[in-house]
Amino acid sequence: MSVLVDSDTRVVVQGITGGEGKFHAEQMMDYGTNVVAGAVPGKGGQEVNGVPVYDTVHEAAREEDADASVVFVPPAFAGDAVFEALDAPLDLVVAITEGIPTQDMAKVNKRLSEVDTRLIGPNCPGIITPGEAKLGILPGNIFESGDVGLVSRSGTLTYQVVDNLTSRGIGQTTAIGIGGDPIIGTDFIDALELFEADPDTKAVVMCGEIGGEDEEEAARYIAENMDTPVAGFIAGRTAPPGKRMGHAGAIVSGSGTGTAESKINALNDAGVPVGDTPNEVADHIEDFL
Amino acid sequence: MSVLVDSDTRVVVQGITGGEGKFHAEQMMDYGTNVVAGAVPGKGGQEVNGVPVYDTVHEAAREEDADASVVFVPPAFAGDAVFEALDAPLDLVVAITEGIPTQDMAKVNKRLSEVDTRLIGPNCPGIITPGEAKLGILPGNIFESGDVGLVSRSGTLTYQVVDNLTSRGIGQTTAIGIGGDPIIGTDFIDALELFEADPDTKAVVMCGEIGGEDEEEAARYIAENMDTPVAGFIAGRTAPPGKRMGHAGAIVSGSGTGTAESKINALNDAGVPVGDTPNEVADHIEDFL
Amino acid sequence: MRLHEYQAKSVFADAGIPTPDATLASSVEEVVEAAEEIGYPVAVKAQVHVGGRGKAGGIKLAESRDEAEEAAESIIGMDLKGYHVDRVLVEEAVDFKNELYVGVTMDRGEGKPVAMVSTKGGVNIEEVAEEDPDAIAREHIDPAFGMHPYQARKAVYDAGVPRELARDVASVLQTMYQLWDDRDASEVEINPLMVTEDDEIIAADAVMNIDDDALFRQQELAEMEEETFEDDLERKAGEYGFDYVRLSGNVGIIGNGAGLVMTTLDLVDYYGGEPANFLDIGGGAKAERVANALDMVFSDENVDAVVFNIFGGITRGDEVAKGINNALEQFDEIPKPVVVRLAGTNAEEGREILNDELVTVEETLEDAVQRTVEYSEEEAQ
Amino acid sequence: MRLHEYQAKSVFADAGIPTPDATLASSVEEVVEAAEEIGYPVAVKAQVHVGGRGKAGGIKLAESRDEAEEAAESIIGMDLKGYHVDRVLVEEAVDFKNELYVGVTMDRGEGKPVAMVSTKGGVNIEEVAEEDPDAIAREHIDPAFGMHPYQARKAVYDAGVPRELARDVASVLQTMYQLWDDRDASEVEINPLMVTEDDEIIAADAVMNIDDDALFRQQELAEMEEETFEDDLERKAGEYGFDYVRLSGNVGIIGNGAGLVMTTLDLVDYYGGEPANFLDIGGGAKAERVANALDMVFSDENVDAVVFNIFGGITRGDEVAKGINNALEQFDEIPKPVVVRLAGTNAEEGREILNDELVTVEETLEDAVQRTVEYSEEEAQ
């Protein structure tokens, strides 16, 4: 089993006629994802990889009975694209785009509180249920179907950890890249809640990083609500305060909030072992299974 | 019994230091309304009629445990005053102010969908539960406690109808002036729902007027949901299309929507007798009781 | 407040919406001069607040200097549905292959603005709405967020606007919403939005109505208001601060509160009379307002009798009675019979004060209206 | 992007927020001239992006021409926490009885902006937040509606701002939110907002940070960016379009993806090395980007060894390998040892291509980092 996506998920690719959109639509389809439509204003009536393109997400959703979308739209227009998907409405929107202005995301965040749609991202690699479907840019070949749920703020770090798992024969139920921006849709707690409710997920990896207090809050959530064991990893132990480490959200503020130390302590206090290396995370998961 | 307000309702008067606010605060208190505070920015610490004034509604609500407010704030600032009361949050806000820009009210309307607070008005005479409390500018002396609920888009027309009732010895549970603007908080259906749920309300008077389609929708609601008998009155039978008859909301559009005829027909179809004169409305109510 | 076509077009043009070349003119000479400058064909369009100007002869096409002169002569100075035409807009006549409709208005039922697009432009959109509602794409706007760009696109695609025009029409719609929002409009509309052979779009007409209640913060637009075009009595009402609507009958009606005044009108009709006006003096009226109200209805030549119906809430009956006495005592002879009905706060005191040599006093609304209708019938004879 | 104080003040002043008389100066003569013009006392303030300028000697008060000269001489050209001071703001020194704090920033946890007011201005607000959190009034803003006027008032009253100042401070806060919103700011702050003896308020300092991701639509502000003030290597990273942070160690680090690069840094530290930098080449990197990245770390004199850690998702291992080979083949001698670790998409193909005369190839992240740390220790000796 899995959370959020599987081979039945009917996916619209927003921005399917762009370079990235086209490439990844093909990759997703190759992986088995049920891509049913593209949506690009002004390109309605075209086809990309045999998939029909519509001018609006509403039309794509209506005509193709889609329930999810993946957003590959340039940052200046991506906030609007997410609004369009939320209002279509779809059940799930995965925003890959990096560099959406924060104030655009604050407005999206407000709308999210008004609708039932779930947003993953932005600035994220997407979500994958190995062997069923991937919505995003994750390299399908490193994943394997199995018992471990994974949630991460980072893209390639996720691949690293997954590689450490898969190479030991530990597969995944679903892996969710929640993204590295300060304001995101699905957060750790949302993802952990899904995994806790999924009977097939026997253990969870949570990859955090410096910045914000989401990991601390997740730790509290785990302590209070989770039976499924969780192992953690926190990137950015050596990051100096005030410097943004790539991700817009990965910054230790001047006042000292958002440090790796605070997050690791919180997780440890919640009974979550935190690996010093990605490989150690796999050790902990192996112990759980 | 009554709906929405009674002698326990703890009322803040917004704009209590202005001419109208001060006058009506006194009138309300004379009637027995439990006015516990005033709120006027910059006037905190003063007293009006022995009532303490606070700079913000939040403070007034917190310090005096208020649950309702009446807004006597000039139209340019009244939208903001309503937002303040909604966010305090209070349970009930009664906006008397006439002439609030429609776009301000559209924004208020949006916020109303997000909160549990009930707004009555704007551009309304307020609400009264005879013998208990009045929030607004209605002349208390014409009302009498009794069995009839009343809801009306108009002020003085309400008094006319009440006078016709009271002079026959027919008293009222609660009378609600919902206001004459195109965008209002509590509408006919909201008020009818309250009266239907109130065991002491044995009959209801609904005074509508030209403009919009609220009366038609109310008629459908009555037909489908109400056991309590309703008698109606519709003002503006002789109004020509395209002319605003005083109230911002009282206008028959060029396309012919909002006519008195359409409303009267809808009410008749729903089994609601509509009086040709206010006195005939009282006749119908007398028949019900 | 309704802007004239030429005013609305200038607001739209300043916001970047394409509009035809045009010049405002108020004499035949000016029209010809403008037409020569713009080049033929031109349209000569009466600038009055009247719907259906074209059918009523207020819009004429001119292919030549002679025709321009002719058009100007027939339109300037004409009476268009009761409005005197002082000025015309002389405008480049645009060759078009298609006419669209775009507009933004307030949807009362939803309590939010709605943007509308249709490929059936150039005709009365309300007729389209009735006969073929699906021909109009509607998009409701959340007023807190404003119009998302995708909503403009969606409305345009839903309406079936050809794909090659979609971007431009969506951009016009977005601009119109922005104007609607920034300028406190109650309605903005371009009908028709013409599509030329070259797939250019251009606003051939323009409607912009501003929320009167918001004029205090729309100074620039408020200054565009042109009193000269209004009915004299309605202008006077504006000066006095009354809600006033002129009607065609002979029974003058004064009251406090819109609903009660409307009801009084309805009762006049019910008892066989014909209302001459709607006049709401509002709440808490003092003596001066009462006198002004009487002045208003007395100034209306059509009025044969007046009913003065006050239900006191904030308004005190004795104050009103004093005001009526004072106002009427200044006349050697009361110009038209006045029937007064006072109820509510201090009504009895008021009735006692009223000088019944000057006015007829009645206790109930029904009696007051009936008596006034009788007077009006007597006077009319 | 962070605006300099003088830039932020000019933006604030244009929006109507009172700021002191001030002139930008870049020489001692200009400082003296400005000071004479403004009148003593003046403050001479270094214009560099450094917190705690005052304590570090970057702000000096001058009561006379001599003192102004002295201040200018000591500040202009000084090194302030690593930044060279080219310019100073010469500013009227305001007499004050009180210092307030006002600011707007993004509350990540809530995902919405928060306005803050405190009567404890003039000190580091983060210290106030820790020691006396109740001294800061916070008001969250719904970004769809923007700041309601009542929210500005509420924040001001909640903070305990004296009633006679409340209206002015609320107005400044409202303006600051508007700027925050209109200009895509991530932070706006006035600390201190001085209160004079006459109860006038004036912005004695000004902070305005703009969201880099929104600079594309903030052209006017983007043009204020002054490259000259930045670290040379960080400027180069900007030109190359890398996410780059310079650190104090000697192990150069290149990787793809922020989380993975951070993890590589952490592992360098874990194995006893010291990271020299954070360098994320991003997704889908092609040969040129790889060469640019190597150029970056080779240009850093502190770097003794380099680890190149790529986990291919979009990025293909063979592309990266080719890029590394090409870049290194141009050197007669490789300037510093490079350890490469490739994983993910086409990693095996990549490893096969890599020229192991130029680089050391490792299969696992742990091995690659350990090897690099060893090299760095050897080289450092």
Side-chain angles (χ1 to χ4, degrees), chain A residues 20 23-24 75-76 98-107 109-111 125 137-139 141-142 152-160 163 180 182-183 207 209-214 217 233 235-240 242-250 253-256 260 276-279, chain D residues 51 106 108-113 124 126-127 129-130 142-145 180-181 184-186 211-214 216-217 243-249 255-263 265-270 274-275 278 280 282-284 309-315 343-345 364-366:
Chain A
E20 260 201 277
F23 174 75
H24 286 292
E98 180 178 358
I100 302 180
T102 308
Q103 296 199 4
D104 292 2
M105 279 310 301
K107 293 199 177 79
N109 189 51
K110 156 80 174 170
R111 177 74 94 207
I137 61 172
L138 312 104
N141 58 305
I142 62 170
S152 171
R153 276 170 71 184
S154 165
T156 46
L157 173 57
T158 311
Y159 313 160
Q160 174 67 48
D163 200 43
I183 300 180
C207 291
E209 63 189 31
I210 52 163
E213 305 191 15
D214 281 6
E217 283 165 23
F233 186 78
R237 299 169 183 224
T238 49
K243 294 285 186 181
R244 167 177 151 169
M245 304 303 271
H247 283 163
S253 84
S255 60
D276 283 330
T277 68
N279 210 26
Chain D
M106 182 66 82
R108 284 176 64 158
E110 295 285 327
K112 50 177 77 158
N124 185 337
E126 282 165 347
E127 280 170 25
E130 259 175 47
D142 183 324
F145 286 98
W180 189 87
D181 191 40
D184 274 303
S186 52
D211 180 0
D212 289 326
D213 288 335
F216 70 89
R217 63 187 178 198
D243 274 320
Y244 177 85
V245 179
R246 194 174 185 178
L247 301 166
S248 57
N256 66 329
L260 187 60
V261 179
M262 270 192 275
T263 301
L265 263 68
D266 295 348
L267 285 183
V268 166
D269 177 72
Y270 181 74
E274 280 184 67
F278 169 102
D280 178 6
N309 178 31
I310 298 292
F311 203 113
I314 326 172
T315 313
T345 309
T364 72
L365 175 56
E366 288 81 358

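Letters A, B, ... mirror the listed sequences (proteins, then strands); counts begin at 1.
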Which heavy-atom pair separates Val245(D) from Arg244(A) by the least distance, and what is that distance? CG2-O, 3.5 Å
Just give me the residue among Ala260(A), Ser152(A), Pro278(A), Cys207(A) that pairs up with chain D most often, heavy atom to heavy atom, under 4.5 Å. Pro278(A)
Report the C-alpha separation of Arg237(A) and Asp269(D) in whole Å, then their side-chain angles, then the decisive distance to 0.1 Å, and conclude whether the side-chain contact (heavy atoms from CB on, under 4.5 Å) test is met. CA-CA 9 Å; Arg237(A) 299 169 183 224; Asp269(D) 177 72; 5.7 Å; no
Residue part contacting chain A, namely of Asn124(D), when any heavy atom lies under 4.5 Å: neither
State, with a plain yes or no, whether a side-chain heavy atom of Arg217(D) is found less than 4.5 Å away from one of Pro101(A). yes
Would you mind checking which part of Ile310(D) comes under 4.5 Å of any heavy atom in chain A, side chain (CB onward), backbone (N, CA, C, O), both or neither? neither
Distance (rounded to the nearest 0.5 Å) between Met105(A) CE and Asp211(D) CG: 12.0 Å
Find out whether Ser186(D) and Thr102(A) are in side-chain contact, i.e. whether some heavy atom of one side chain is under 4.5 Å from a heavy atom of the other. no
Which bit of Arg111(A) is near chain D, if near means a heavy-atom gap under 4.5 Å: side chain, backbone, both or neither? neither
Heavy-atom pairs under 4.5 Å with chain D, option from Ile137(A), Thr277(A), Asn141(A) with the top count: Thr277(A)
Who wins among Pro139(A), Pro182(A), Ser154(A) for the most heavy-atom pairs under 4.5 Å with chain D? Pro182(A)
Could you tell me which of Glu127(D), Met106(D), Lys112(D) has the largest number of non-hydrogen atom pairs under 4.5 Å with chain A? Met106(D)
How close do Leu267(D) and Asp276(A) get, heavy atom to heavy atom, and via which atoms? CD2-O, 3.9 Å
Is Leu157(A) close to chain D through its backbone or its side chain, or both, or neither, when contacts mean heavy atoms under 4.5 Å? both
Check whether Glu274(D) gets within reach of chain A through its side chain, its backbone, both or neither, counting any heavy atom under 4.5 Å. neither
Which atoms of Asn109(A) are under 4.5 Å from chain D, going by heavy atoms: the side chain, the backbone, both sets, or neither? side chain
Tell me, for Asp213(D) versus chain A, whether the close heavy atoms (under 4.5 Å) come from the side chain, the backbone, both or neither. both
So which of Asp104(A), Leu138(A), Asp214(A) has the largest heavy-atom pair count under 4.5 angstrom toward chain D? Asp104(A)
What pairs with Ala343(D) under side-chain contact (heavy atoms from CB on, under 4.5 Å), at least two apart in sequence or on another chain? Phe311(D), Arg341(D)
For Gln160(A) and Thr263(D), what are the C-alpha separation, side-chain angles and deciding distance, and is it a side-chain contact (heavy atoms from CB on, under 4.5 Å)? CA-CA 10 Å; Gln160(A) 174 67 48; Thr263(D) 301; 5.9 Å; no
Keeping Gln103(A) on the side-chain end and Pro143(D) on the backbone end, is there a donor-acceptor pair under 3.5 Å? no
On a heavy-atom basis, the closest approach of Lys110(A) and Phe145(D) is NZ-CE1, 4.2 Å
Excluding sequence neighbours, so at least two apart, what forms ring pair (Phe, Tyr, Trp, His ring centres under 6.0 Å) with His247(A)? none
Correct closest heavy-atom pair for Thr156(A) and Leu260(D) would be OG1-CB, 3.2 Å
As an exercise, state the distance from CZ of Phe233(A) to CG of Asp266(D), rounded to the nearest 0.5 Å. 6.0 Å
Checking heavy atoms, do the side chain of Ile142(A), its backbone, both or neither come under 4.5 Å from chain D? side chain
Among Pro125(A), Pro75(A), Gly180(A), Ala76(A), which residue has the highest count of heavy-atom pairs closer than 4.5 Å to chain D? Ala76(A)
What's the shortest heavy-atom distance between Met262(D) and Ala250(A), and which atoms? CE-CB, 3.8 Å
Check for a donor-acceptor pair, side chain of Arg108(D) on one end and backbone N or O of Gly249(A) on the other, with a separation under 3.5 Å. yes
